[in-house]
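One structure, pasted below without further comment.
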Amino acid sequence: MGARIPLFIVAAALLLTGCHPAGSRVAAPFVQVPLAGAGFPPPPEIAKAQLAKLKVEWGRNWETYKREEFGRTWSDETDAVGGRNGCDTRDDVLRRDLSELREGDRNPCVVLSGVLHDPYTGKELPYTYRRASQIQTDHVVALGAAWRAGAYGWTPQRRLEYANDLDVLLAVDKQTNQDKGSRTADKWKPPRREYWCEYGRRYTGIKAKYGLSVTPPEKLALEELLAACPQ
């Protein structure tokens, strides 16, 4: 009878060859899905019509907001735009927003390198996998702002969906994102005025998509942003 092979050697061989024992769970394969919702962001006239229909009220329950209410980490397990494709949400954002994109050969979810033309500032920001980057992922309508505008009443799964919806997210300059924080449109606008129109369209589209309210000053600010759109 031959010598018995240690189990750890068998396991290592299975990992190297890509074979898996029957019944074992493996990572979901990459699935090609749209990285933007149909018709998003809405064109100016539709955004203006959506804005006119939003509920106007002051924010509520600001003191109960906690980041973990929207999930502790990125999640692919939602039905939001980009969900259930086998990729990390942040990688999906990078794949959508970076130019000169180079993806992994074995794992197309992984972004090896690219360049971000930051919409907020106009800066060109290089990205290289596993190196320090000046790029962050921004929730255009911040999680704290969404909470105050109605997300406090959502189910945990709905909040997880919002936090990972690619329509809500943008790759942007790190410092500018930190300066923005959870400020609403009446308290923060992109430094680059050329982006005001699209920022207003995205912001309004998100509010309409998720049935979030706006404060009176926030509505006025969004009207100003949308007024920057070409006639």
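Just the heavy atoms: all of them, side chains too, but no hydrogens, waters or symmetry mates, feed the values below. These numbers were taken from a predicted model, which means no experiment stands behind them.
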Practice problem: Evaluate the side-chain proximity of Arg96 to Val93: yes if any heavy-atom separation is below 4.5 Å, no if none is. | Solution: yes
Quiz item: According to a 4.5 Å side-chain heavy-atom criterion applied to Ile, Leu, Val, Met, Phe, Trp and Tyr, with indirect links allowed, do Leu169 and Val110 form part of one hydrophobic cluster?
Solution: no
Practice problem: Run the salt-bridge test on Lys55 and Glu57 with the 4.0 Å N-O cut-off and return the result as yes or no. | Solution: yes
Quiz prompt | Spatial distance of atom CD (Gln157) from atom CG (Leu160) [nearest 0.5 Å] | solution = 5.0 Å
Quiz item: Can you find a pair of side-chain heavy atoms, one from Thr137 and one from Trp74, that are under 4.5 Å apart?
Solution: yes
Self-check item: Leu94 and Arg90: CA distance, side-chain angles, deciding distance, side-chain contact (heavy atoms from CB on, under 4.5 Å) verdict
Solution: CA-CA 6 Å; Leu94 292 174; Arg90 183 173 183 272; 3.6 Å; yes
Practice problem: Can you measure from CG (Leu54) to OG1 (Thr215) and round to the nearest 0.5 angstrom? | Solution: 11.0 Å
Quiz item: Heavy-atom distance under 4.5 Å between the side chains of Pro42 and Thr204, does that happen here?
Solution: no
Self-check item: Non-hydrogen atoms of Asp97 and Leu116 that approach each other most closely
Solution: O-CD1, 3.8 Å
Quiz item: Please, which pairs that meet disulfide (SG to SG under 2.5 Å) have at least one residue in residues 100-181, sequence neighbours excluded?
Solution: Cys87-Cys109
Exercise. Would you kindly say whether Thr89 and Asn164 are connected by a side-chain donor-acceptor distance under 3.5 Å?
Key: yes
Self-check item: Tyr210 and Glu161: CA distance, side-chain angles, deciding distance, side-chain contact (heavy atoms from CB on, under 4.5 Å) verdict
Solution: CA-CA 10 Å; Tyr210 282 90; Glu161 179 177 307; 3.9 Å; yes
Quiz item: Should we say atom CH2 of Trp58 is surrounded by more than 12 heavy atoms from elsewhere, each under 6.0 Å from it?
Solution: yes
Quiz item: How far does CD of Gln134 sit from NZ of Lys174, to the nearest 0.5 angstrom?
Solution: 5.5 Å
Exercise. Let me see the working for Arg95 and Leu101 under side-chain contact (heavy atoms from CB on, under 4.5 Å), right down to the final yes or no.
Key: CA-CA 7 Å; Arg95 290 192 302 119; Leu101 189 67; 4.3 Å; yes
Exercise. Treat each ILVMFWY residue as a node, draw an edge where side-chain heavy atoms are under 4.5 Å apart, and state whether Val81 and Phe30 are in one component.
Key: no
Quiz item: Is there side-chain contact between Leu225 and Lys189, with at least one heavy-atom pair below 4.5 Å?
Solution: yes
Quiz item: Do Thr176 and Asp179 pass the side chain to side chain donor-acceptor pair (under 3.5 Å) test, and can you show the C-alpha distance, the side-chain angles, and the key distance before you say yes or no?
Solution: CA-CA 5 Å; Thr176 306; Asp179 292 342; 5.3 Å; no
Self-check item: Hydrophobic cluster identity match, Val172 and Leu98, side-chain contacts under 4.5 Å
Solution: no
Self-check item: Nearest-0.5 Å distance that lies between atom CD1 in Ile135 and atom CG in Leu170
Solution: 12.5 Å
Practice problem: Could you walk me through whether Arg159 and Thr155 pass the side-chain contact (heavy atoms from CB on, under 4.5 Å) test, one step at a time? | Solution: CA-CA 6 Å; Arg159 288 194 287 265; Thr155 64; over 6 Å; no
Exercise. Run the salt-bridge test on Arg84 and Asp76 with the 4.0 Å N-O cut-off and return the result as yes or no.
Key: no
Quiz item: Are Tyr199 and Ile46 in one and the same hydrophobic cluster, where Ile, Leu, Val, Met, Phe, Trp and Tyr link if side-chain heavy atoms are under 4.5 Å apart?
Solution: no
Exercise. Decide, yes or no, whether a salt bridge links Glu218 with Lys207 under the criterion of side-chain N to carboxylate O below 4.0 Å.
Key: yes
Quiz item: With a 3.5 Å cut-off and no angle check, do the side chains of Asp138 and Tyr120 form a donor-acceptor pair?
Solution: yes
Exercise. Ignoring hydrogens and angles, tell me if any N or O in the side chain of Arg67 forms a donor-acceptor pair with the backbone of Gly71 under 3.5 Å.
Key: yes
Quiz item: Heavy atoms, side chains only, cut-off 4.5 Å: are Glu103 and Leu112 in contact?
Solution: no
Quiz prompt | Side-chain donor/acceptor of Thr128 to backbone N/O of Arg131, under 3.5 Å | solution = no
Quiz item: Any ion pair linking Lys209 and Asp165 (charged N to carboxylate O, less than 4.0 Å)?
Solution: yes
Quiz item: Are Leu222 and Asp186 close enough that some pair of their side-chain heavy atoms sits under 4.5 Å apart?
Solution: no
Quiz prompt | Interatomic spacing from OH in Tyr129 to OG in Ser113 - rounded to 0.5 Å | solution = 12.5 Å
Quiz item: If you round to the nearest 0.5 Å, how far is OH of Tyr203 from CH2 of Trp196?
Solution: 14.0 Å
Quiz item: Between Asp173 and Lys123, is there a side-chain N and carboxylate O pair less than 4.0 Å apart?
Solution: yes
Quiz prompt | Heavy-atom side-chain proximity of Lys219 to Leu51 below 4.5 angstrom | solution = yes
Return all side-chain donor-acceptor pairs below 3.5 angstrom for residues 139-150, not counting sequence neighbours, or 'none' if the list is empty.
unit_1 : atom_1 : unit_2 : atom_2 : d
His139 : NE2    : Ala163 : O      : 2.8
Trp147 : NE1    : Asn61  : O      : 2.8
Trp147 : NE1    : Thr64  : OG1    : 3.1
Arg148 : NH1    : Gly144 : O      : 3.3
Arg148 : NH2    : Ser182 : O      : 3.4

Quiz item: Which residues pass the side chain to side chain contact (heavy atoms under 4.5 Å, CB included) test with Cys197, sequence neighbours left out?
Solution: Pro44, Arg201, Cys229, Pro230
Exercise. Flag the pair Glu45 and Lys48 as a salt bridge only when some basic side-chain nitrogen lies within less than 4.0 angstrom of an acidic carboxylate oxygen.
Key: yes
Quiz item: Are any of the side-chain heavy atoms of Gln136 and Gln175 separated by less than 4.5 Å?
Solution: no
Quiz prompt | Centroid-centroid under 6.0 Å between Tyr162 and Trp154 rings | solution = yes
Quiz item: Will you find, in the side chains of Glu69 and Tyr152, an N or O donor that is under 3.5 Å from an N or O acceptor?
Solution: no
